[in-house]
Amino acid sequence: MTKKHSILDREGLKPAAANGLFDRRAFFKGGAALATAMTGYTIGNSAAAQQLVDDPWSRGIGNRVQAYGTPSRFESGVARILSNPNAEPRTQHGRTPHHLINGTFTPNGLHFVISHTGNPDIDPSAHKLVIHGLVERPLVFTLDALARYPMVSRMTFLECGGNSAALWSPEPLQNTAQEIHGLVSCAEYTGVLLSTLLEETGIDPRAKWFIAEGADASALHRSVPLHKALDDAMIALYQNGERIMPGNGYPMRLLLPGWEGNMNVKWLRRIELTDEPALGFYEARTYTPILPDGSAYSYYFLQEVKSFITHPSPGLALSGAGLYEISGVAYSANGRIARVMVSADGGQSWAEAALQDPVLPKAFTRFRAPWRWDGGPAVLQSRAWDEAGNVQPTRAELISRRGEASRVPRSPFAFPSQHYNGPTSWRVGEDGEVTNVYA
Ligand SMILES: Nc1nc2c(c(=O)[nH]1)N[C@H]1C(S)=C(S)[C@@H](COP(=O)(O)O)O[C@H]1N2
Ligand SMILES: [Mo]
């Protein structure tokens, strides 16, 4: 340990914040020194490294190549957790295991899913998308027809308005990053911009909104201001290069980059241009957070700037003092992530994390910061800024603005716990266990 410290110190690398936290410059100035310091954590000394012997898997021909690949059998624990595994007639949620994956996009089998009335088993050759209402020419699009239009690809996070609801709890709940933040994921979508299709149908000047409707049993529908259609709304056909999975809207979904998950209508079958919103079930009842003075948001479109640490986090205990990398994801509906600060002392002092390229608008940005844990208690936090200048509020600021109503439902129809974008605080105990605290 003493030796590893001296290597870092010789390179002039000093922690940038209390409790052993280095900042982004450590990666530029000290990459080599950090790597050298890390070698102390490998299991073998140089004598053991000479004696590599063939393990059983090296002594024979390996397994068959699969027609469609699945992860190693040793990774079977890397899975979504399901809120309703027997598919009883109520909403089903599957949450992304953020603490068990890395990088910036979510594999399709691990992307979160919320389906209010199950996943319809849609035959793509029979599915149609209708665009009608305040248009000049109503049109019907088959999947084949859509495939002939120019397509675009873009990375986008998708987040349920109810993600991170556990952090509204008055007492910190002992949950993992997956349980708390598992209703956000990020993927590369490919499809046809809605604006391209509206050029075909034409737009009646009276149109101010469009209503998007799904083909599932609940015919989930949401109203969207028309300007989003003319900006970056997409009819998505592919996710991470392959056809969208049944749970995520096969064969087509509405994608509204950065906007509340519920508005991203899956199994899309209809878009109606209108002069006023539909006041449908979800927009009139579920997604209208109530404020302390009794008023309510009628719409809360944007998923605002947010970040959380995925490594370390609950379930990933630290194995002894020394160097670790703190990493997590940051994202904002208002563009690119501009800066992420990390703290190891519960927000008393901060160091700037390195942002991994590419930093894309409305997509996950992976941040990383080296940390030398001294074995004592520490509280890890991250705080993100977006390029529009927004910063994550503190938990106290959020509670004072959004009030008790965000925690305790005032009416049976008020969804009590939406749009939490405050900090997440992970406490590292002397035993290396990580727990959820409020700091
Ligand atoms: N047709 C339809 N669209 C839907 C839903 C649904 O149940 N039916 N769930 C919504 C909710 S609440 C969210 S958060 C997102 C989740 O998208 P995902 O399941 O692809 O992650 O889809 C939305 N679109
Ligand atoms: Mo949602």
Side-chain angles (χ1 to χ4, degrees), residues 80-84 87-98 105-122 127 129-130 155-165 178 181-191 211-224 233-240 242-272 278 280-289 299-303 306 331 333 364 415-420:
R80 295 185 288 225
I81 41 178
L82 306 178
S83 65
N84 180 4
E88 284 156 13
R90 58 187 160 89
T91 301
Q92 300 181 53
H93 309 75
R95 289 175 157 83
T96 298
H98 289 295
F105 77 86
T106 314
N108 287 335
L110 299 175
H111 195 284
F112 89 90
V113 171
I114 299 184
S115 296
H116 294 293
T117 46
N119 301 335
D121 184 26
I122 295 182
H127 182 82
L129 170 65
V130 175
M155 280 279 275
T156 298
F157 77 87
L158 180 65
E159 182 174 38
C160 177
N163 192 34
S164 320
Q178 176 174 22
H181 298 302
L183 299 180
V184 64
S185 306
C186 183
E188 187 211 58
Y189 294 90
T190 300
I211 301 161
E213 179 190 79
D216 47 341
S218 49
L220 184 142
H221 56 283
R222 288 292 306 259
S223 311
V224 186
M234 184 199 287
I235 311 302
L237 307 173
Y238 298 85
Q239 183 175 322
N240 292 328
E242 62 184 357
R243 287 283 182 196
I244 290 180
M245 292 269 186
N248 303 110
Y250 182 85
M252 62 183 73
R253 82 174 305 161
L254 179 64
L255 186 74
L256 303 174
W259 286 29
E260 188 175 71
N262 185 265
M263 305 178 73
N264 293 257
V265 174
K266 303 192 280 191
W267 313 295
L268 183 69
R269 72 172 176 195
R270 183 210 303 269
I271 286 181
E272 181 182 359
F281 180 80
Y282 286 100
E283 63 202 66
R285 179 262 196 198
T286 307
Y287 290 95
T288 51
Y299 294 96
Y300 203 127
F301 297 133
L302 300 186
Q303 296 298 126
K306 183 158 158 184
Y331 50 95
F364 277 5
F415 198 84
S417 47
Q418 304 230 335
H419 290 273
Y420 180 93

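Here the structure is a predicted model, which is why all the values come from computation and not from measurement. In what follows, residues are counted from 1 in the order of the sequence shown. As the structure lists them, so they are numbered: ligands from 1, and atoms in each ligand from 1.
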Just which atoms of ligand 1 are under 4.0 Å from any heavy atom in [X]?
X      : value
Cys160 : 14 (S)
Ile114 : 5 (C), 7 (O), 9 (N), 12 (S), 14 (S), 19 (O)
Asn264 : 22 (O), 23 (C), 24 (N)
His111 : 21 (O)
Ser115 : 7 (O)
Tyr287 : 12 (S)

- request: Kindly state whether the ring of Phe281 and the ring of His221 have centres lying under 6.0 angstrom apart.
  value: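 Between Phe281 and His221, the centre distance exceeds or equals 6.0 Å.
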Would you check whether [X] has a nitrogen or oxygen atom less than 3.5 angstrom from a nitrogen or oxygen atom of ligand 1?
X      : result
Asn248 : yes
Lys266 : yes
Trp267 : no
Asp216 : yes

- line: Taking every heavy atom of Gly109 against every heavy atom of Met245, the minimum-distance pair comes out as N-CE, 4.3 Å
- prompt: Taking all non-hydrogen atoms of both residues, which atom of Met263 and which atom of Val224 are closest, and how far apart?
  reply: CE-CG2, 4.0 Å
Heavy-atom pairs closer than 4.0 Å: do any link ligand 1 to the side chain of [X], the backbone, both, or neither?
X      : answer
Tyr282 : neither
Glu159 : neither
Asn262 : both

field: Salt bridge flag under 4.0 Å for residues Arg222 and Glu213
entry: no
field: Contact with ligand 1 for Arg253, non-hydrogen, under 4.0 angstrom
entry: yes
task: Would you tell me which option among Gly261, Gly247, Ser185 has the nearest heavy-atom contact to atom 23 (C) of ligand 1?
output: Gly261
message: Angle between ring planes, Phe157 versus Phe364, binned at 30° and 60°: parallel, tilted or perpendicular?
response: parallel
- prompt: Is the charged tip of Arg80 near the ring of Phe112: under 6.0 Å from the six-membered ring centre and within 45° of its axis?
  reply: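 Verdict for Phe112: no cation-pi partner in Arg80.
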